[in-house]
Amino acid sequence: MISISDLHASYEGAEILHGISAAFPEGKISVIMGPNGCGKSTTLRSLVRMVPETSGSLALDGQELAALTPRELARRIAYLPQSRNVPDITVERLVLHGRFPYLSYPRRYRKEDREKVTQALEWVGLRDLRERKMENLSGGQRQKAYLAMALAQDTEVILMDEPTTFLDIKNQFEMLDRARSLADGGKTIIMILHDFESILHYADHVILMAEGRILTTGDARTVLRSPEVKEAFGVQPCFYEADDGLHCYVRPLSK
């Protein structure tokens, strides 16, 4: 389990996180939600030491993340940022980058590394495109390639910063279904999402943030029904039952 305790973090001299504490359960999908600029991405980047804490602690299975070397950390936590450049390399070469934490100098890929890459490409459905250049892929295919890179990294925790951004509806569902499969297989998934309906149906655990603080946590239904959601977003979540279960849509608050 990943835990954050009284975490303060700053960026360019301004404090972004103001003493947040949270626990992310193992083998579940945890979603961090909140308005833009509330500290969601900073929280994820703190977990991979891209934004150092000014005080507080972060731990994985009781071990302080600050005590891990960069290579040790990369063997335990994979991170998919929201914004990425499109490198001038093939899909297979990109996914091989996920094996860097396991290579000694000079970097020579072993049979095990190539097997992990093949397995990851098969799992996301890109094996037949392994020789294609990244720049020639669709947005959905690129997202799958980056997910394959994270899978090849073979970590117990995967962080995803808005993984459905820029994807069409079909690919959004496919990405979330893959996250669900990873969690069901034992991976700990921590992602940032905005869509209330997706959060309702995919999140096991939700953390609601605003202005660098945590307002409330709990299961998706509890958090989405909480008054803090209206406080954070200035909208009214509405729920209705259908044959396939509970659904959620959002409307502006009445003036």
Side-chain angles (χ1 to χ4, degrees), residues 1-4 22-33 43-44 47-48 58-63 65 68 72-82 91-92 94-102 110-130 140-165 167 170-193 195 197-207 217-220 244-245:
M1 175 182 289
I2 288 187
S3 61
I4 297 173
F24 302 92
E26 182 180 349
K28 302 293 183 182
I29 295 178
S30 292
V31 167
I32 305 175
M33 64 181 299
T43 301
L44 290 192
L47 290 169
V48 285
L58 306 98
L60 175 57
D61 296 333
Q63 183 176 19
L65 296 185
L68 300 176
E72 290 170 338
L73 183 62
R75 290 182 178 184
R76 304 195 67 182
I77 303 177
Y79 172 54
L80 278 71
Q82 179 186 6
V91 171
E92 182 175 37
L94 176 83
V95 180
L96 276 166
H97 287 176
R99 299 303 300 167
F100 278 9
Y102 301 92
R110 305 157 297 170
K111 179 181 178 182
E112 175 188 354
D113 299 316
R114 297 191 181 277
E115 288 175 348
K116 291 284 187 182
V117 167
T118 296
Q119 291 168 6
L121 287 169
E122 287 179 344
W123 198 83
V124 301
L126 289 184
R127 182 170 182 174
D128 292 343
L129 299 181
R130 65 194 307 160
Q141 290 169 334
R142 288 175 188 169
Q143 197 76 317
K144 290 179 183 178
Y146 281 104
L147 177 58
M149 181 176 68
L151 294 178
Q153 199 171 327
D154 198 22
T155 60
E156 60 206 272
V157 179
I158 301 178
L159 313 179
M160 301 179 178
D161 192 342
E162 299 190 39
T164 59
T165 299
L167 298 183
K170 178 179 180 294
N171 279 296
Q172 287 181 31
F173 283 125
E174 187 171 338
M175 178 60 68
L176 292 172
D177 285 340
R178 291 185 186 281
R180 177 79 272 159
S181 295
L182 289 170
D184 291 345
K187 302 282 188 183
T188 298
I189 308 296
I190 305 173
M191 66 169 65
I192 295 171
L193 286 180
D195 180 66
E197 175 79 355
S198 296
I199 292 169
L200 178 64
H201 288 283
Y202 287 95
D204 300 304
H205 177 67
V206 177
I207 294 173
T217 66
D219 63 83
D244 58 347

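Remember, predicted model here, so these are calculated numbers, not experimental data.
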Rounded to the nearest 0.5 Å, what's the gap from [atom1] on [X] to [atom2] on [Y]? Could you check?
{"X": "L193", "Y": "T165", "atom1": "CG", "atom2": "OG1", "result": "8.5 Å"}
{"X": "Q82", "Y": "E162", "atom1": "CD", "atom2": "CD", "result": "4.0 Å"}
{"X": "E112", "Y": "D154", "atom1": "CD", "atom2": "CG", "result": "8.0 Å"}
{"X": "D177", "Y": "L182", "atom1": "CG", "atom2": "CG", "result": "11.0 Å"}
{"X": "F173", "Y": "R180", "atom1": "CZ", "atom2": "CZ", "result": "15.0 Å"}
{"X": "D219", "Y": "L200", "atom1": "CG", "atom2": "CG", "result": "9.5 Å"}

Within the 4.5 Å heavy-atom criterion, are [X] and [Y] side-chain neighbours or not?
{"X": "V31", "Y": "Y202", "value": "no"}
{"X": "R75", "Y": "E72", "value": "no"}
{"X": "R114", "Y": "L96", "value": "yes"}
{"X": "Q143", "Y": "L80", "value": "no"}
{"X": "L176", "Y": "S198", "value": "yes"}
{"X": "I207", "Y": "T217", "value": "yes"}
{"X": "D195", "Y": "T164", "value": "no"}
{"X": "L159", "Y": "P81", "value": "no"}

Please determine whether the number of non-hydrogen atoms from other residues, nucleotides or ligands lying under 6.0 Å from atom CG of D128 exceeds 12.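 Not buried by this count: 12 neighbours or fewer within 6.0 Å.
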Kindly check if the number of other-residue, nucleotide or ligand heavy atoms within 6.0 Å of OH (Y102) is above 12? yes
Restricting to non-hydrogen atoms, name the atom on [X] and the atom on [Y] that form the minimum distance, rounded to 0.1 Å.
{"X": "V124", "Y": "K144", "value": "O-CD, 3.5 Å"}
{"X": "Y146", "Y": "L94", "value": "CE2-CD1, 3.8 Å"}
{"X": "T188", "Y": "F24", "value": "CG2-O, 4.4 Å"}
{"X": "I189", "Y": "A179", "value": "CG1-O, 3.9 Å"}
{"X": "A148", "Y": "A120", "value": "O-CB, 3.4 Å"}
{"X": "A145", "Y": "V91", "value": "CB-CG1, 4.2 Å"}

Could E174 and R178 be called an ion pair, given the rule that one side-chain N must be under 4.0 Å from one carboxylate O?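 Yes, charged N to carboxylate O under 4.0 Å.
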Side-chain donor or acceptor of [X] paired with backbone N/O of [Y] under 3.5 Å:
{"X": "Q172", "Y": "L167", "result": "yes"}
{"X": "Q153", "Y": "A74", "result": "yes"}
{"X": "R99", "Y": "V117", "result": "no"}
{"X": "K187", "Y": "I29", "result": "no"}

Could you tell me which residues satisfy side chain to side chain contact (heavy atoms under 4.5 Å, CB included) with S181, sequence neighbours excluded, listed by chain and number?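 Testing S181 for side chain to side chain contact (heavy atoms under 4.5 Å, CB included), a comparison that skips the adjacent residues, returns W123.
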Trace of the side chain to side chain contact (heavy atoms under 4.5 Å, CB included) decision for E156 with L60: CA-CA 10 Å; E156 60 206 272; L60 175 57; 4.2 Å; yes
Can you list everything that forms a side-chain hydrogen bond (donor to acceptor under 3.5 Å, both in side chains) with R110? Sequence neighbours excluded, please.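 In terms of side-chain hydrogen bond (donor to acceptor under 3.5 Å, both in side chains), with neighbours along the sequence ignored, R110 is linked to D113.
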Mind checking side-chain hydrogen bond (donor to acceptor under 3.5 Å, both in side chains) for S30 and listing every partner two or more places apart, or none if nothing turns up?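 S30: no side-chain hydrogen bond (donor to acceptor under 3.5 Å, both in side chains) contacts found.
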Name of the residue among I2, D61, V157 meeting side chain to side chain contact (heavy atoms under 4.5 Å, CB included) with R76: D61
